[in-house]
J.: 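Handing you a structure now.
Below, chain A is the first sequence line, B the second, and so on; all start at residue 1. Predicted, not measured: the structure shown is a model, and the values here were computed from it.
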Amino acid sequence: MSWQTGLIKTILDPANLIISTDIAVVIADKYPKARHHYLVLPKEDIASIFQLNRKHLPLLEELHLLARNIIEVRGECFESFRIGFHAQPSMQRLHLHVISKDFVSSWLKTKKHWNSFNTSLFIPYEALYENLSKNDKIERLPKAKVEELLSKPLACNQCEFVAKNIPSLKEHLLQH
DNA sequence: GTTCTAGAAC
DNA sequence: GTTCTAGAAC
């Protein structure tokens with residue numbers, strides 16, 4: 001089994017499921033990039049956002065419902081979370097990220113980690129939903145665009161601060 | 001996706 | 001000399 005199928009294997013074990021419905025499940029991200037970081041995955045075998053079409057809109061609504069549920073279950077505030085998909089996913093099985101905006105985590109280690117959640121490489125749930133409604137599919141970003149976004153400066157998500165490197169960004173995030 | 005680590009950056 | 005980044009992983 002290659003590493004890309006790790007999520008599919010993870011959800012096979014009921015012990016890993018924080019929430020489970022007929023349609024979807026919620027698990028904790030194995031390498032959380034913030035104080036709270038969950039993944040919502042459909043039980044249906046959909047590899048990624050690129051397999052979606054208009055028929056999946058009700059499924060997306062179910063995923064978002066579970067996203068709101070896990071935030072509530074954990075006693076957290078909806079407004080303190082980002083909910084969305086990576087524009088360039090690495091792991092198989094469609095997964096909706098539910099991540100708190102603090103980004104305080106020892107697993108946050110690289111510029112790629114930061115920019116994948118804090119540039120257009122992160123597609124908010126609502127944006128993906130609207131895009132799918134309109135176009136009946138999700139287009140892959142051009143390689144050059146991905147590289148441009150990955151190389152963006154380390155701009156704080158809560159103020160105008162731009163960090164010189166990852167350690168200084170992490171130190172800064174702790175101050176918020 | 002992570003781990004490891006060479007060599008760049010400081 | 002130490003910190004930090006970025007590319008290979010058969």
J.: Figure out the CG/P separation between A:Leu169 and C:dT3, and round it to whole Å.
T.: 19 Å
J.: When you measure from the side-chain N and O atoms of A:Lys164 to the phosphate of C:dT5, is any distance below 4.0 Å, counting only OP1 and OP2?
T.: no
J.: Under a 3.5 Å limit for both distances, which nucleotide forms a Watson-Crick or G-U wobble pair with B:dG1, could you say?
T.: none
J.: Between P on B:dT2 and NE2 on A:His113, what's the gap in Å once rounded to a whole number?
T.: 4 Å
J.: Give a yes or no on whether a salt bridge exists between A:Glu147 and A:Lys145, defined as a side-chain N under 4.0 angstrom from a carboxylate O.
T.: no
J.: Roughly how many Å is it from NZ in A:Lys111 to C1' in B:dA9, rounded to a whole number?
T.: 13 Å
J.: Measure from CG on A:Asn115 to P on C:dT5 and round the result to the nearest Å.
T.: 12 Å
J.: B:dT2, C:dC4, B:dG1: which one has an atom nearest the side-chain heavy atoms of A:Pro167?
T.: C:dC4
J.: Just the rounded figure in Å: distance from P of C:dT5 to CG of A:Leu154.
T.: 8 Å
J.: Could you tell me whether A:Asp45 and A:Arg93 have a side-chain N and a carboxylate O separated by less than 4.0 Å?
T.: yes
J.: Under 4.0 Å, heavy atoms only, any strand: does A:Leu7 hit a base, just the sugar-phosphate, or nothing?
T.: nothing
J.: Is the terminal nitrogen or CZ of A:Arg140 (NZ for Lys, CZ for Arg) located under 6.0 angstrom from the six-membered ring centre of A:Phe50 and within 45° of that ring's axis?
T.: yes
J.: Distance check: side-chain N/O of A:His95 vs OP1/OP2 of B:dG1, anything under 4.0 Å?
T.: no
J.: Round to the nearest Å and state the distance from A:Leu108 atom CG to C:dT5 atom P.
T.: 11 Å
J.: Do the two ring centres, one from A:Tyr129 and one from A:His56, sit under 6.0 Å apart?
T.: no
J.: Between atom CD1 in A:Ile166 and atom P in C:dT5, what is the gap in whole Å?
T.: 6 Å
J.: Please determine, for the side chain of A:Trp107, which listed nucleotide (B:dT3, B:dG1, C:dT5) has the closest atom?
T.: B:dT3
J.: Between A:Met91 (CE) and B:dT2 (P), how many Å, whole number?
T.: 8 Å
J.: Report the residue from A:Trp107, A:Phe122, A:Phe103 that forms a ring pair (Phe, Tyr, Trp, His ring centres under 6.0 Å) with A:Trp114.
T.: A:Phe103
J.: Any side-chain N or O of A:Lys109 below 4.0 angstrom from OP1/OP2 of B:dT3?
T.: yes
